[in-house]
Structures are given as structure tokens and as C-alpha cells.
Amino acid sequence: MDSKVRVRFAPSPTGGLHLGGVRTVLFNYLFAKHHGGEFILRIEDTDQTRFVAGAEQYIIDTLNWCGLTPDESPLHGGAYGPYRQSERKAIYTQYAQTLIEKGFAYYAFDTPQDLEEKRKQVPNFQYSRAHRMEMKNSISLSESEVSELLKKNTPHVIRIKIPDEEEVVFTDIIRGEVRFDVSTVDDKVLLKADGMPTYHLAVVVDDYLMKITHAFRGEEWLPSAPVHILLWKYLFGLDKMPKWAHLPLILKPEGSGKLSKRDGERLGFPVFAMDWSDPTTKETTVGFKEKGFLPEAFINFLAMLGWNDGSDKEIFTIEELIAAFDLERVHKGGAKFDYEKAKWFNQEWIKKTDNKILADLLQPFFDQEKIEIHERSYLIKVIGLVKDRCHLLTDFITQSSFFFTAPATIDTAAILPKWEEKKHAFFTALAQSFQEMSGKPLAADLEANFKTLAAAHEIKPGDLLLPLRIMLVGSKFGPGVFDIIEAIEIPDTIKRIEHSLQLLSGK
RNA sequence: GGAGCGUUCGACUAAGGGUUAGGUCACCUCCCUUUCACGGAGGUAAUACGGGUUCGAAUCCCGUACGCUCUACCA
């Protein structure tokens, strides 16, 4: 790189940040950090009708949770601000004027109604060379008419004048050479009637002013790339233009098409990074964070969706990702989102994460379930016992709640079919013998005691283990029975046995 | 309709002229575990189609099909 790498993520603050958005951020971030460059957050809030309060803060919070904090943003300042496009209005006007003066853009006075009508009349209408002269603009109208309209403050937009015949060719880092015959593209609006720029003008101007060296965005932008390239040529020169990369899309798991919020609701998985509540509808959409994902796992999973380092390695820390990332190894085709695989990544990361750190992360989940944790050290011990069987942080609740409170229900139905009087007698004796053990016996001693007693009662330990488990846990799952007893200790164990015995005899 | 982009197991992908087309998730079987998991060992399963080029093609070329994206004074 001849100059310092600068990349940007430029979302519009219209709602929650979904998978595709986060992955775009991630690839930007990885690329920047791999090259020792800077990552900028720019807020594209030029559409006042779609602005949603709180969305900008949400984006920043999400980036922080993911560990993808920008070097420059509306909040963290920087030398190229402001970082909100709504605050840069005057800048765009100036460049739009320049384009007009150079003859690369023109005023258009058509009202939205005019356009709607025209679209109805002309099938596949495009505001371009073919119909430009039939419309109301500074090319079709006489100079005096135009200045008259302008003088009267007639609402108008500024449109780019696409050349009649020109082939736009550029090299996309992921896709290679891409060519467009511009005769098929229309005269896009650059500056709206309210004076705000459209995306097309704003990206080009801001990327230039913010010295962006590499511009990455979703594949959905590819068809409008020629407009941007033309603008670069007219305004700043192609030699200043950033290198482009159009990222593949993240698709629905079933069928095809872009993954949407609806798919998540329908199929029962998150699509947004974090919980998002719409301020107007008050509707909350669940996020990966609240669903129980570790940010490391979320990032790891997203990185592997469309990229790999060429080896079989799948679990990467962010540092490893930064070191290994290479945009040229990004896939061209879209990737279907697979929630099962996402959970597998999370499970791997749970296994990898220190129990103390998990304890901190888990606390809010337990709080939410109103499960009281009296001792942190006890929580850490329990985490060690159950972490292997948890895919999500929320799994810890079901996997470990019985360590903190007696199970609400006992699955006696699973015990009853093979229940008999001599087993009842055994458990009564077991409670008794546990009572006689002093202090906090270890799992191995508890097991020895249990087996001796079973032998004395002439019952196979195997026939007794499952009922005992159910008495303690409530159902057929969890770590080793004697590990559980060691953890919850004798008094609680006896209480649970006795309680279950009552339930069993009181059928 | 037009333009652009894409297409390897069910999913994510490796293999950039020569491999029994590999790995991971999911699924199935077995082992471990007197539970559920974890772990271990196996298994099922793919180059969209048709033409070239070549001694040899998943890989290069052409066509076809299919899919997706865009086609707003939204991004």
C-alpha cells in the first residue's frame, strides 16, 4: 500500500444491525488491522424519512460488543469529521454544483407524480438518454426556462448525466474485472429536493474527503458501481479512487434470497447482533448477544461465512483472524446462514473460555431468571461441571439451575415404572448414611458409600443411579450424580431425596 | 423486461489441469458414559447441464439452465 489503509463502514441508522452488516464491518476491520490501517464509522443518515432514534447508538454499542471498535466515528471524533452525513449537507451541495458546471449533471424539475405517471406510461421506464428529453430538466428546457424555474425556487433534484456510450471497467478485489456498458444505467438522482445527497453522491464525496483507500460493501451495490466510478472520474480522478470489493450476501437457510429479520422470527434464530427494540412499534427483536452468544464466537462464525484461510482451521481468535485475513480468499458466492453451525462455534468458544470470565458473563442471565448466586466460587465450580454441554450461555440456566435451587418438578413418571418397596428402603437408608458422613465428602467417597449400601440392599447400583439423579436434578440430564452431590452438599441432597420419596409414595 | 453477479455433499467450504474430490456442521452407526452431553471411531452424501481445449478438467473457453442482486428524490 502506498498510503495508510483507511476503510469505512457506513450504515444508515434505520434499525438493528443484522448479520450481513456485522460481517461487512468485520471484513473492513480485519482488512484495516491486517494492514495496520484505520477503520472508520460513518453514519449515512441522509434519508430523513427513515431515520430511527437510537439506531446510531445501537450500532456503536453493537460494534463495541463485537470488539470491532472504530478508530473514528461520530462519537470518537477524528480529523475527517463530521462523521454524520446529515451534518455534511453543504459539502455535497458544493460538489453537485461542480458537476453541473462541468456538464456532468443537470437539474430536474419533475415532481414525484410526474415520474410515477411516466413510469405507468412507459414500461421499464428509465430516466436516461432514451427519455431525458421528454422530461422537465435543464437539458430539455431552454436556458431561460431553467433560470426562471430556479429563480422561483421550484423544487428540483440534481441528476447525473450518464454518457451516451461508455464502458466502465474496474477491478473488484473479490470478483476481478467487472465491466458495465453505461447505456443501460439511468441518470441517478445525486441531490434530492430537500438538499440532501443520495447515497451515490455521498459515498463518493465522503470516501474522497475521508481518504478512504478501500471501499467494501455488500454485493447489492454492484449494479450501481458504474455511477460511483463515473462520479470519481468527474470529481476527483480515477487514480484517487479506493479499491473496491463487493462482498457476497448472507442468504436464508432455506430456499434462497437475502437473509431478513423475518427469517429469524420464522425459523427461531436471531438475525440482529443485539436486541433491538423499535422505538415506534415497541417491538423487540432478539439478538445473538441476548440469545447467549459469545462475541468471539459470533465474530468467528461470521468470518468463516464466505472466507477461510485455506487450511482446515475453523476456530480463530480475533488476533488470528487479523493475521490471516486476506480479502482475495473471500468467496464470490453468497452463503446460507446455518444456525446449527453458529451454535457449534459458540460451544467451542464456551469450552475455550475461562470459567471466571464465563461467571461474569453468566451473572446477568441468572439474574434475569431470578436465580440467586450466593457464592461466586460456587458458580465457577458449577460452570466447570456443566460447560461441556452448553451451546449457548442460556443453556447454563437449564443445565445448572438445580445446583442453586431444588428442581421445581421431579419427573416421577420416569422412576415409577421400576419403583419398588426395597428401593424406597434403600433411599431411606441412603439419606441416613449420608447424614452420618461428616463435613463435605468428595464425589469418590460418596460413590463408595452408595455402592456399599447398594450391595447391602442387594440392588444393582445401576438400578439406583437413575432414580437418584432424578431426585436431585428433576430429570434425566446433568453431570455425574456424585459430582452433583459433592457440589450441593449433604443437607440439600437429603432434602431432595426425602422430598422425592414423599412424592413417590404419595402417588 | 434489462443489467450485473453467482453455481462443489442438506449447510459452510478445501482442491486454482493429474487426489479414491479433503475438512467442519447436521444426520446415521458404534465405543465411552448405568443419565443427558462431552469425547473417540466409522458411515451416508457433492463438482447444475451441454459442448469444446487437453494425454488429462471441479479447475481454462463457449453456450444453456437455474438462482440472486439492482433496476426509488432507500441505503
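All values derive from a computational prediction rather than experimental measurement. Protein chains get the first letters and strands the later ones, always in sequence-line order, with residue 1 at the start of each.
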Which one is paired to B/rC9, where only Watson-Crick or G-U wobble pairs with both distances under 3.5 angstrom count? none
Whole-Å gap separating C1' (B/rA14) and CE (A/M304): 11 Å
Using whole Å, what does the distance between atom P of nucleotide B/rC73 and atom NZ of A/K192 come to? 10 Å
What contact category does [X] fall into here, base, sugar-phosphate, or nothing, at under 4.0 angstrom with non-hydrogen atoms?
{"X": "A/H246", "answer": "nothing"}
{"X": "A/S475", "answer": "nothing"}
{"X": "A/D463", "answer": "nothing"}

Contact list please: residues 342-354 of chain A against RNA chain B, heavy atoms, distance less than 4.0 Å, in numerical order. A/W344, A/Q347, A/K351
Tell me whether the count of non-hydrogen atoms from other residues, nucleotides or ligands lying under 6.0 Å of [atom1] in [X] goes above 12.
{"X": "A/E165", "atom1": "CD", "answer": "no"}
{"X": "A/E420", "atom1": "CD", "answer": "yes"}
{"X": "A/K313", "atom1": "NZ", "answer": "yes"}

Nearest listed nucleotide, side chain of [X], among [options]:
{"X": "A/Q126", "options": "B/rG23, B/rU71, B/rC73", "result": "B/rU71"}
{"X": "A/K332", "options": "B/rG6, B/rU71, B/rU34", "result": "B/rG6"}
{"X": "A/E220", "options": "B/rC36, B/rU13, B/rU69", "result": "B/rU69"}

A/R329: salt bridge (charged side-chain N to carboxylate O under 4.0 Å, His left out) partners, not counting sequence neighbours: none
Between B/rU35 and B/rC30, how far is it from one P atom to the other, in whole Å? 15 Å
